[in-house]
Amino acid sequence: MTEVTDSNPTDFIRDIIDNDLRINKNNGRVATRFPPEPNGYIHIGHAKSVCLNFGIAAQYKGTCNLRLDDTDPAGESMEYVESIIRDIHWLGFDWQDRLYYASDYFEKLYQFAVELIKSCNAYVCSLSPDEIREYRGTFTEPGKDSPYRNRSVEENLDLFQRMRSGEFADGDHVLRAKIDMSSPNIVMRDPVIYRIKREPHYRTGTKWIIYPMYDFAHCLSDALEGITHSICTLEFENNRPLYDWIVERLITGNRPQQIEFARLNLSYTVLSKRRLIELVEKRYVKGWDDPRMPTVSGMRRRGYTPEAIRNFCAQIGVAKNDNLIDVALLEYCVREDLNEHAPRAMCVLRPLRVVIDNYPENQVEQIECSSHPQKPEMGTRKIPFSRVIYIERDDFMENPPKKYHRLGPGREVRLRNAYVIKFESMIKDDKTGEVMELHCSLDPATLNGPPVDGRKVPGVIHWVSAEHCIPAEVRLYDRLFNIENPGSEENFLKYLNPISLEILTKCYAEHNLKNVEPGRQFQFERLGYFCVDAKDSKEGKPVFNRVVSLRDSWAKITGGEKK
RNA sequence: UGGGGCGUCGUCAAGCGGUAAGACACAGGAUUUUGGUUCCUGCAUUCGGAGGUUCGAAUCCUCCCGCCCCAGCCA
């Protein structure tokens, strides 16, 4: 885990906290929590919330708890809990000993429910699910009171106890808060707060047959933990009156305050858990950590850094406007971080063989080059140069367009960190006409400086020595969807990008990349930032994931076709 | 349709009655052995619209328009 030292942003939530502190609310205490349900992996949208909650705690010298909101056994599992813990730690945040589970509060929550029954604020309702819906009314018509609304406290207590002990089938009864069936806010029309569900819970097993609903469990969990500011997303705004209603009746002293902000939407991807689960389960991606996924584990495997993600979250801000953040901002944030920290290397993705005719057959020269052009402190490495090298296929064009700076008939280019070479001839495949090999000559005086006669060589291309390079697999990723806002489409799968992954198996990398640490990032010069895949790399045969390409102003000029 | 929320540059987002920050994107230019980095420069006379209050309004008032959320025994 890295220590978070990012500077503090400002937003409307921090304004509220500043004001609370000014009036000494909660005795100047600030306590937040991040409350995921362990039914999926967390994604970049959760990261926004993680940065907000943990960031506020750090800024105000308060605390932020991690609480697993596991009140619905369906779909929840320890695998998800473990992934959430791993991902938040990786992002750079820590909750010390404050790891909590809503399921640890089940007994307390049950007692709270009993209390609510005793104060005539809750009742057992025996309507069927369909009937409950009918009785609820609509946006324009008020609901009707349940015929069970006025059961006696004794009967309610008895029934609720028997719900717990397993006397009834799922759906036979529920516990409801007794509020107002004619409330214009549908959430307040006697909401269900406990249901019978015969489903084993990943932590409590078969101990419980009834489970509290979110609205009941969440606010009380906050209160039990002494949370001061309960930050959640906008869709819970309608639930805030219920949050307050419950807390007012059951909690004395300091009560937590719910504050809502707009969830993150990112262009060209989806962030709803339902849709991400669908991508995983229907195998459109290779798992939750597929490098194309916007999950934290997917981004980690892709090669994103925690710093980049945190900085992104700081850049996008916190407000209440619906938003669709341009994925270009995320890419900017990784480039910014990796440009600073990733050592440079050379790798040829689509090799073209080049023979330097005037270079001696058995000569090998070790060229020392820096690992970072602006940071000498990052050191140097040696790269062998020899008679036969590989260059990138599209760094040669037989009929180059105007302004093309690379190799072509009659042209010269600089080999990065090495000599200037000049095109002499090419060998083509008789049948296909494809260029198979180039023959060039080098200018021996150009290793450490420009040509002595003062001629300009505008192009620089990367290369590897054929004899010394190592084979590598490189995976190029593109956006998962080909429309800006797939999340707004019901049939979002229709817009999956068919070429979101391109696997190149015949790449050649400089020999220094032979045994690299999984998870390490490099800049492959002129191409982009690449990360050693932590799962599929083999000893001496690394697999590289492209994190993000370099900005490419040449591609912009030529129409931006993908490399 | 009842309720709740939101409308400031292409995308985010400051602004809290004193005359529109910043970031990304975009467009130019300089430097460059990465068509990278870095560095300059440009980019809302106007804040969803219309009225009103005021010496002065994105900020206050009124009406209108648009978008999002809520009718799970999900969270």
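Naming convention: chains lettered A, B, ... in sequence-line order (proteins, then strands); numbering from 1 in each chain. Keep in mind that the numbers below use all heavy atoms, side chains included, and drop hydrogens, waters and symmetry copies.
- Applying the side-chain hydrogen bond (donor to acceptor under 3.5 Å, both in side chains) rule to Arg411(A) yields no partners; only residues at least two apart in sequence or on another chain are considered.
- Under the Watson-Crick and G-U wobble criteria, each requiring two contacts below 3.5 Å, nucleotide rG36(B) is left unpaired.
- Nucleic acid contact class of Thr140(A) (heavy atoms, under 4.0 Å, all strands): base.
- Spacing of C1' atoms, rG35(B) relative to rU11(B), comes out at 26 Å, to the nearest Å.
- Base pairing of rA50(B): its partner is rU62(B), meeting the Watson-Crick or G-U wobble criterion (both donor-acceptor distances under 3.5 Å).
- Using atom P as the reference point in both rU34(B) and rC24(B), the two lie 23 Å apart (nearest Å).
- Residue whose closest nucleotide on RNA chain B sits further toward the 5' end, between His405(A) and Asp72(A): His405(A).
- Mapping Asn239(A) and Leu234(A) onto RNA chain B via the closest heavy atom, the residue that lands nearer the 5' end is Leu234(A).
- A 3.5 Å limit on both hydrogen-bonding distances identifies no Watson-Crick or G-U partner for rU1(B).
- Within the nucleic acid shown, Val413(A) has no heavy atom closer than 4.0 Å to any nucleic acid atom.
- Taking 4.0 Å as the cutoff to heavy atoms of chain A, we find the contact window on RNA chain B bounded by rU1(B) to rA75(B).
- Figure legend: cation-pi geometry between Arg203(A) and Tyr101(A), with NZ or CZ positioned under 6.0 Å from the six-membered ring centre and within 45° of its axis.
- Comparing rC12(B) with rG7(B), their C1' atoms are spaced 14 Å from each other, to the whole Å.
- For the side-chain hydrogen bond (donor to acceptor under 3.5 Å, both in side chains) test, residues two or more places apart in sequence or in another chain that qualify with Arg151(A) are Ser126(A).
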